[in-house]
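Everything on this sheet refers to the single structure shown next.
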2 protein chains.
Amino acid sequence: MVRGEQTVFIADDHQIVRDGLRALVERAPGLRVIGEAADGRALVEGVRALHPAIVITDLAMGELNGVDATRQLRAGGFRGPIIMLSMHDERRHLAQALGAGVNAYVHKAHAFEQLLEAIGAAQHGRIWLSPQLAALAEEGRVATLLELLSMREREVLQLLAQGRGTKEVAAQLLLSPKTIEVHRLNLYAKLRVNNVIELARIAFREGLVQL
Amino acid sequence: MVRGEQTVFIADDHQIVRDGLRALVERAPGLRVIGEAADGRALVEGVRALHPAIVITDLAMGELNGVDATRQLRAGGFRGPIIMLSMHDERRHLAQALGAGVNAYVHKAHAFEQLLEAIGAAQHGRIWLSPQLAALAEEGRVATLLELLSMREREVLQLLAQGRGTKEVAAQLLLSPKTIEVHRLNLYAKLRVNNVIELARIAFREGLVQL
DNA sequence: GCGCGTCCTAAGGAACTTCCTTAGTCCCCG
DNA sequence: CGGGGACTAAGGAAGTTCCTTAGGACGCGC
């Protein structure tokens, strides 16, 4: 499956990180970087224009995150390996990333060799995960606090944690403020807190809202 | 001032980033990486043991951050260039970083060439800053958000961000709830927000309260 | 020393939010 | 088809927030 040279497209919102990845990838035999992007939107466009064989993308990026970009790439017909890099070991994003169609999920704290291993595995149609994440993924699922919540509740929690008041959230979701109040009270009950700040704190801690 | 070969020590909490930096640094003539560390504590030890000519360190690291590590390196007699890398353009950390004794402050969104430029400048005893930061630094000081606040205000902010209500904070500080309300309103004005959650978010972001 | 600004304190009262309860619809699971 | 959760929303009491006003303390400059 490995042909003479595989073309690679890199997406990460920090140029120094892209520079570093490019240097590392080009040192690997059989890989050549043909393009890069600083956010998900640019990644999707770049892939559409340049048809790389392999995509390496960061999870957290401005404009469009790696998971959503992956979804768009797959929807757009891209079938090559997509390797997702993550910053923190965001177990909460793993399932989403796999659901979106990534072939490998590599923590930035790992060595570059693992990334190459992930590329190799992906080329052979396998899914590659960082060892500790693989364990998690196999033993079923990791229940996060947020999984206790319904879609709507997560949505409300997210908006509240972004500093929106009850009325504003209601306006945004086209609901009555009274409904949002009930969702808030249910969130307090489910997350065992009793004020909005603790709620926001959980949203920050669980990565639902960027600090 | 540039001798045959300059030894470099790299600190960053993500190994892939370290790998990338190492690849880039080693591609530059006259630079050789002699060690690396994943946190500030290991950086300080590594420098003590290996005596590198140049240190490149990330700002945000577990155990001991880049700024505090820099302070320790300078206190321990290290006189070579220390190049600080930052993730976000954390203007609030710039002043502290310079105060701690870094020679250059480079945003990760910049190209690696800027890092080399920074190293060159530092070797000639100059301070190198990303252009947009240089403007800020020259016009005096970049005040940390929290430096705007009085002692009392920080105290109140901290308690509020811990999820305490106005009444509870008042009880704890032996003040009238009305007084706390006024402090809260002053905090809104000073930090340019208009609800407690944004206030809490600042407290988390600035590290006043542990998430 | 006098004015100025800032900090810290606190009250009144209008405006608004929160809490709690009740309740209707929908849809899935057994 | 009944129970249960999700989602919606209203009424009304209780509580909080916002805004304004205000007084004493302290330091800063002239």
Side-chain angles (χ1 to χ4, degrees), chain A residues 92 95-96 99 140-141 143-204 206 208-209, chain B residues 92 140-204 206 208-209:
Chain A
R92 58 182 153 274
Q96 285 170 53
R141 289 279 287 111
T144 65
L145 230 26
L146 299 182
E147 283 175 44
L148 283 171
L149 310 179
S150 67
M151 265 282 103
R152 211 33 152 191
E153 286 165 342
R154 268 198 295 280
E155 208 173 358
V156 170
L157 173 56
Q158 187 176 99
L159 292 166
L160 288 173
Q162 276 164 8
R164 259 94 144 192
T166 301
K167 261 189 315 174
E168 292 170 278
V169 174
Q172 176 134 6
L173 301 180
L174 306 169
L175 293 173
S176 153
K178 285 298 193 176
T179 302
I180 304 307
E181 284 181 19
V182 173
H183 285 310
R184 184 166 27 72
L185 294 173
N186 289 336
L187 284 165
Y188 290 172
K190 286 192 177 176
L191 301 173
R192 291 145 170 291
V193 300
N194 41 59
N195 62 59
V196 224
I197 289 178
E198 303 262 24
L199 223 47
R201 194 157 159 165
I202 289 173
F204 296 135
E206 299 290 326
L208 220 209
V209 177
Chain B
R92 58 182 155 276
R141 282 273 286 110
V142 192
T144 297
L145 233 23
L146 298 182
E147 283 174 39
L148 284 169
L149 309 180
S150 67
M151 264 284 103
R152 210 32 152 191
E153 285 165 342
R154 267 199 294 281
E155 208 173 359
V156 170
L157 172 56
Q158 187 175 105
L159 293 167
L160 288 173
Q162 276 165 8
R164 260 94 144 192
T166 301
K167 262 188 312 172
E168 291 170 279
V169 174
Q172 176 135 5
L173 301 179
L174 307 171
L175 293 173
S176 153
K178 284 297 195 178
T179 302
I180 303 306
E181 285 181 17
V182 173
H183 284 310
R184 184 166 26 74
L185 293 173
N186 290 336
L187 285 165
Y188 290 172
K190 286 192 176 177
L191 300 174
R192 290 145 171 290
V193 300
N194 41 59
N195 61 60
V196 225
I197 290 178
E198 303 261 25
L199 224 48
R201 194 165 164 157
I202 289 173
F204 296 136
E206 300 288 329
L208 219 210
V209 177

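What you see is a predicted model, and the numbers here were worked out from it, not measured in a lab. In what follows, every chain begins at residue 1, and chains take the letters A, B, ... in the order their sequences are listed.
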Sidechain-backbone polar pair: A:Arg154 side chain, A:Leu149 backbone, donor-acceptor under 3.5 Å: yes
Can you identify which nucleotide, out of C:dC19, C:dA10, D:dA9, has its nearest atom closest to the A:Ser176 side chain? D:dA9
Would you say the side-chain atoms of A:Glu153 pair up with the backbone N or O of A:Ser150, donor to acceptor, closer than 3.5 Å? yes
So does B:Lys178 reach the base of C:dG13 with its side chain, donor to acceptor, closer than 3.5 Å? yes
Residue pair B:Pro177/B:Glu153 against DNA chain C: nearer the 5' end by closest nucleotide is B:Glu153
Verify side chain to side chain contact (heavy atoms under 4.5 Å, CB included) between A:Leu173 and A:Leu159, making sure each step is shown before the conclusion. CA-CA 10 Å; A:Leu173 301 180; A:Leu159 292 166; 3.9 Å; yes
Short side-chain N/O contact from B:Lys167 to OP1 or OP2 of D:dT17, under 4.0 Å: no
In whole angstroms, how far is the C1' atom of D:dT17 from the CG atom of B:Asn195? 12 Å
Specify the separation, in whole Å, of atom CG of B:Leu185 and atom C1' of C:dT9. 14 Å
Whole-Å distance separating the CZ atom of A:Arg184 from the C1' atom of D:dT8: 16 Å
Could you pull out the closest heavy-atom pair between B:Ile197 and A:Ala200, with the gap in Å? CG2-CB, 4.0 Å
Atom pair distance, as rounded to whole Å: CD1 in B:Ile180 and P in C:dT9: 7 Å
Expressed in angstrom and rounded to an integer, what is the separation of A:Arg152 atom CZ from C:dC26 atom C1'? 14 Å
Between B:Ser150 and C:dT6, is there a contact of a side-chain N or O with OP1 or OP2 at under 4.0 Å? no
Gap between atoms OH and P, on B:Tyr188 and D:dT17 respectively (whole Å): 7 Å
Compare side-chain N and O positions of B:Thr179 against OP1 and OP2 of C:dA10 and report whether any pair is under 4.0 Å apart. yes
Whole-Å distance between C:dT6 C1' and B:His183 NE2? 12 Å
Please determine, for the side chain of A:Glu181, which listed nucleotide (C:dA10, D:dT8, C:dC20) has the closest atom? C:dC20
Closest of D:dT8, C:dC7, D:dT20 to the B:Lys190 side chain is C:dC7
To the nearest 0.5 Å, how far apart are NZ in B:Lys167 and CD in B:Glu181? 11.5 Å
In whole angstroms, the gap separating C1' of D:dA6 from CG of A:Leu173 amounts to 15 Å
